[in-house]
Number of protein chains: 2
Amino acid sequence: MTEKKINQLSRMVDKIALHTSISVEDRVGLLELPYTSRFFEAGSYLLRDGDTPNHSGLLVSGLAYRHKIGVDGLRQIVAIHIPGEVYDLQQLHVATADSNVQTLTRCEVVTISHGALRRLAEERPSVAHAFFVTTIVELSMAREWMLNIGRRDARTRISHLLCEFAFRLDKHGLPPGQAYELPMTQEQLADALGLTAVHINRTLKILVNDGLIAHSKRGVTIPDWEALVTAAGFNSRYLHMSPPDAATGAAHLA
Amino acid sequence: MTEKKINQLSRMVDKIALHTSISVEDRVGLLELPYTSRFFEAGSYLLRDGDTPNHSGLLVSGLAYRHKIGVDGLRQIVAIHIPGEVYDLQQLHVATADSNVQTLTRCEVVTISHGALRRLAEERPSVAHAFFVTTIVELSMAREWMLNIGRRDARTRISHLLCEFAFRLDKHGLPPGQAYELPMTQEQLADALGLTAVHINRTLKILVNDGLIAHSKRGVTIPDWEALVTAAGFNSRYLHMSPPDAATGAAHLA
DNA sequence: CGGAATGTTGAACCGTTTCAAACGGAGTGG
DNA sequence: CCACTCCGTTTGAAACGGTTCAACATTCCG
């Protein structure tokens with residue numbers, strides 16, 4: 001097995017291992033899967049609503065977003081995928097996709113056939129468990145987004161998305177701290193939050209004014225994490241990322 | 001095995017079988033699980049955010065709703081559970097619950113220990129598959145709700161919820177057709193749709209005026225199903241209820 | 001460099017909220 | 001059977017958060 005292959009796939013394993021106690025043996029099992037690697041430019045579709053793929057895609061680098069489009073053409077972004085995530089795991093069990101996944105930046109994607117993944121999951125219960133946990137966490141995030149979109153005002157809503165995003169990224173090898181890039185246009189932010197691009201613009205400005213965020217071109221920095229968390233009413237528990245139910249929320253300091 | 005026991009549990013099996021090709025053998029397996037049955041009054045909590053139950057609950061009769069409460073006390077209903085559903089399946093794989101489940105009407109709940117369900121899922125792959133599919137469908141519904149709450153106006157939003165609800169119920173043994181009871185207060189509807197009870201009231205009145213719905217006390221009847229579907233921009237595909245990917249959307253006419 | 005996409009700003013507008021008051025129906029106790 | 005209360009519904013008027021439209025500035029990218 002090549003060095004590169006190990007590098008790519010081990011990110012998937014690390015991601016899965018976050019949520020579960022996957023054994024060393026199972027990690028090796030994952031690394032022995034046949035795969036192909038490919039790059040996609042920003043804006044490419046990785047999955048389309050209605051598709052019935054026969055392989056799964058692991059996001060190795062870059063960001064992607066999942067969205068639905070209503071009959072009237074209005075778009076709602078329902079999730080953001082970060083490196084280490086398999087964006088179409090669900091198609092292992094339900095043939096057709098219910099939403100689109102589109103690339104936010106240039107992305108590297110590793111493709112593994114459904115057959116290989118299914119066999120693996122059948123042979124190793126802890127892998128099947130890891131897949132299930134991944135889906136449950138997605139569901140939990142979806143529920144929090146509903147609360148966000150349905151019941152919070154624009155300021156809180158944006159703050160919350162920023163908190164979630166920072167938290168998810170900080171937990172995955174990036175330097176812990178308050179600065180990160182968020183490569184979304186204001187229109188994409190609007191579609192994620194159920195608002196208008198114009199209003200995103202104005203509210204972002206308010207957040208900058210209040211000293212909760214600062215932004216360079218296409219990115220955001222967070223000067224005061226605690227202040228933003230308070231403004232957002234953010235509680236990371238729904239991300240299920242702490243060591244099994246320790247609920248300290250400070251596990252990334254270790 | 002008593003006649004009553006078979007009756008209760010077979011509803012769960014029927015529900016699961018809707019989404020999957022579960023074998024007769026596995027159905028029998030399900031029916032042999034030890035269980036206890038209990039009634040809950042309207043308004044009872046079946047599951048609380050943060051709970052770590054060691055058993056699963058199958059809703060045999062009645063309706064329940066799942067909700068989250070923000071730090072400011074604002075509530076968002078994120079799902080409605082109908083008879084045949086297991087409302088805490090996820091706690092088989094993730095210890096703590098991320099939302100509350102509360103009874104909408106008087107409910108009968110059958111309780112099965114996690115141990116028994118886990119053993120069953122391990123022994124019978126098609127049962128594990130069925131559990132997974134159930135979770136995926138919940139996720140798909142959550143995504144559609146995000147689109148509903150984030151991008152549709154009040155009229156469309158209410159219509160869509162009504163469509164989804166009618167569709168899910170019609171597929172499960174109730175007489176197919178246009179009349180059903182919806183035992184939610186206007187405040188609960190508001191919390192499900194990200195609106196205000198007052199505005200629900202006004203919009204409901206508009207829908208009645210437009211002839212899209214008619215309502216008796218605590219229920220709704222739909223005089224013209226097609227008209228409501230059009231007004232809602234409703235497409236049932238996200239419910240994944242058609243025979244495997246037939247995608248006709250008219251399967252309930254058979 | 002030029003054109004397209006994204007960001008910024010203002011003013012008018014409107015869907016929804018807020019507050020407040022009144023109404024209705026179901027259940028309870030006298 | 002009435003009086004009382006509770007909870008949900010109904011209605012109105014005013015206020016507000018967010019949208020819309022339109023113009024202009026900026027950045028990105030070939």
Side-chain angles (χ1 to χ4, degrees), chain A residues 41-44 65 70 72-77 102-106 148-161 181-210 213-220 231, chain B residues 41-44 65 70 72-77 102-106 148-161 181-210 213-220 231:
Chain A
E41 293 309 312
S44 314
Y65 63 104
D72 43 6
L74 292 176
R75 181 174 75 160
Q76 176 69 41
I77 295 179
Q102 206 169 349
T103 261
L104 214 45
T105 64
R106 179 176 158 84
N148 204 30
I149 297 170
R151 283 290 179 230
R152 299 203 253 247
D153 65 15
R155 205 183 105 111
T156 318
R157 238 184 266 191
I158 298 183
S159 304
H160 195 277
L161 182 137
E181 296 294 305
L182 185 138
M184 291 175 79
T185 67
Q186 295 183 352
E187 192 179 354
Q188 287 163 340
L189 279 173
D191 283 342
L193 295 167
L195 295 168
T196 306
V198 172
H199 199 58
I200 291 284
N201 185 297
R202 299 199 228 267
T203 311
L204 235 28
K205 197 147 291 185
I206 292 174
L207 287 178
V208 171
N209 242 330
D210 294 356
I213 62 169
H215 60 153
S216 54
K217 345 193 163 193
R218 190 59 59 82
V220 176
Chain B
E41 292 310 311
S44 315
Y65 63 105
D72 45 6
L74 292 176
R75 182 175 74 160
Q76 176 69 43
I77 295 179
Q102 206 169 349
T103 262
L104 213 45
T105 64
R106 180 176 157 84
N148 204 31
I149 296 169
R151 283 293 179 228
R152 299 202 253 248
D153 66 13
R155 205 183 105 111
T156 318
R157 235 183 269 193
I158 299 183
S159 302
H160 195 278
L161 182 137
E181 295 296 304
L182 184 138
M184 292 175 79
T185 67
Q186 295 183 352
E187 193 178 354
Q188 287 163 340
L189 279 172
D191 283 342
L193 296 167
L195 295 168
T196 306
V198 173
H199 199 57
I200 291 284
N201 184 294
R202 298 200 229 266
T203 312
L204 235 29
K205 197 148 293 183
I206 292 174
L207 287 177
V208 171
N209 241 329
D210 294 356
I213 62 169
H215 61 153
S216 52
K217 345 190 164 193
R218 191 59 57 81
V220 175

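Please read all numbers here as calculations on a predicted model, not as lab measurements. Numbers restart at 1 for each chain; the letters A, B, ... are given by sequence-line order, proteins then strands.
- For B:M184 and D:dC7, the CE to C1' distance is 17 Å, given to the nearest whole Å.
- Atom P of nucleotide C:dA5 and atom CD of A:Q188 are separated by 14 Å, given to the nearest angstrom.
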Run the numbers on B:R155 and B:L207 for side-chain contact (heavy atoms from CB on, under 4.5 Å), then give the verdict. CA-CA 7 Å; B:R155 205 183 105 111; B:L207 287 177; 3.7 Å; yes
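- Each of A:V198 and B:R202 has a nearest nucleotide on DNA chain C; the 5'-most of these lies closest to A:V198.
- Of the possible polar contacts, none joining the A:R202 side chain to the A:A197 backbone as a donor-acceptor pair under 3.5 Å is found.
- Contacts of A:G43 with the nucleic acid, taken as non-hydrogen atoms under 4.0 Å apart, are absent.
- Ranking C:dG7, D:dT9, C:dT16 by closeness to the B:A154 side chain, first place goes to C:dT16.
- For A:T196, whose side chain is taken as the heavy atoms from C-beta onward, the closest listed nucleotide among C:dT17, D:dG18, D:dT19 is D:dT19.
- Under the side chain to side chain contact (heavy atoms under 4.5 Å, CB included) test applied with B:I200, the options B:R157, B:Q186, B:Q188, B:M184 reduce to a single match, B:Q186.
- The side chain of A:N201 places an N or O atom within less than 4.0 Å of a non-bridging phosphate oxygen (OP1 or OP2) of C:dT8.
- With values rounded to the nearest 0.5 angstrom, B:R75 atom CZ is found 6.0 Å from B:E187 atom CD.
- Atom pair A:R157:CZ and D:dG17:P shows a separation of 13 Å (rounding to whole Å applied).
- Checking the phosphate oxygens (OP1, OP2) of C:dT8, a side-chain nitrogen or oxygen of A:Q186 falls inside 4.0 Å.
- Summarising the geometry, the separation between CD1 on A:I158 and C1' on C:dG7 is reported as 14 Å, rounded to the nearest angstrom.
- Among the protein residues, B:A197 comes within range of no part of the nucleic acid, since none of its heavy atoms lies under 4.0 Å from any strand.
- To the nearest 0.5 Å, atom CD1 of residue A:I149 and atom CD1 of residue B:I149 are 7.0 Å apart.
- One atom, NE2 of B:H199, and another, P of D:dG17, lie 17 Å apart when rounded to the nearest Å.
- Distance A:E187 CD to D:dT20 C1': 14 Å, rounded to the nearest Å.
- For A:I206 and D:dG18, the CD1 to P distance is 9 Å, given to the nearest whole Å.
- Spacing between atom CG of A:L193 and atom C1' of D:dT19 amounts to 16 Å, rounded to whole angstrom units.
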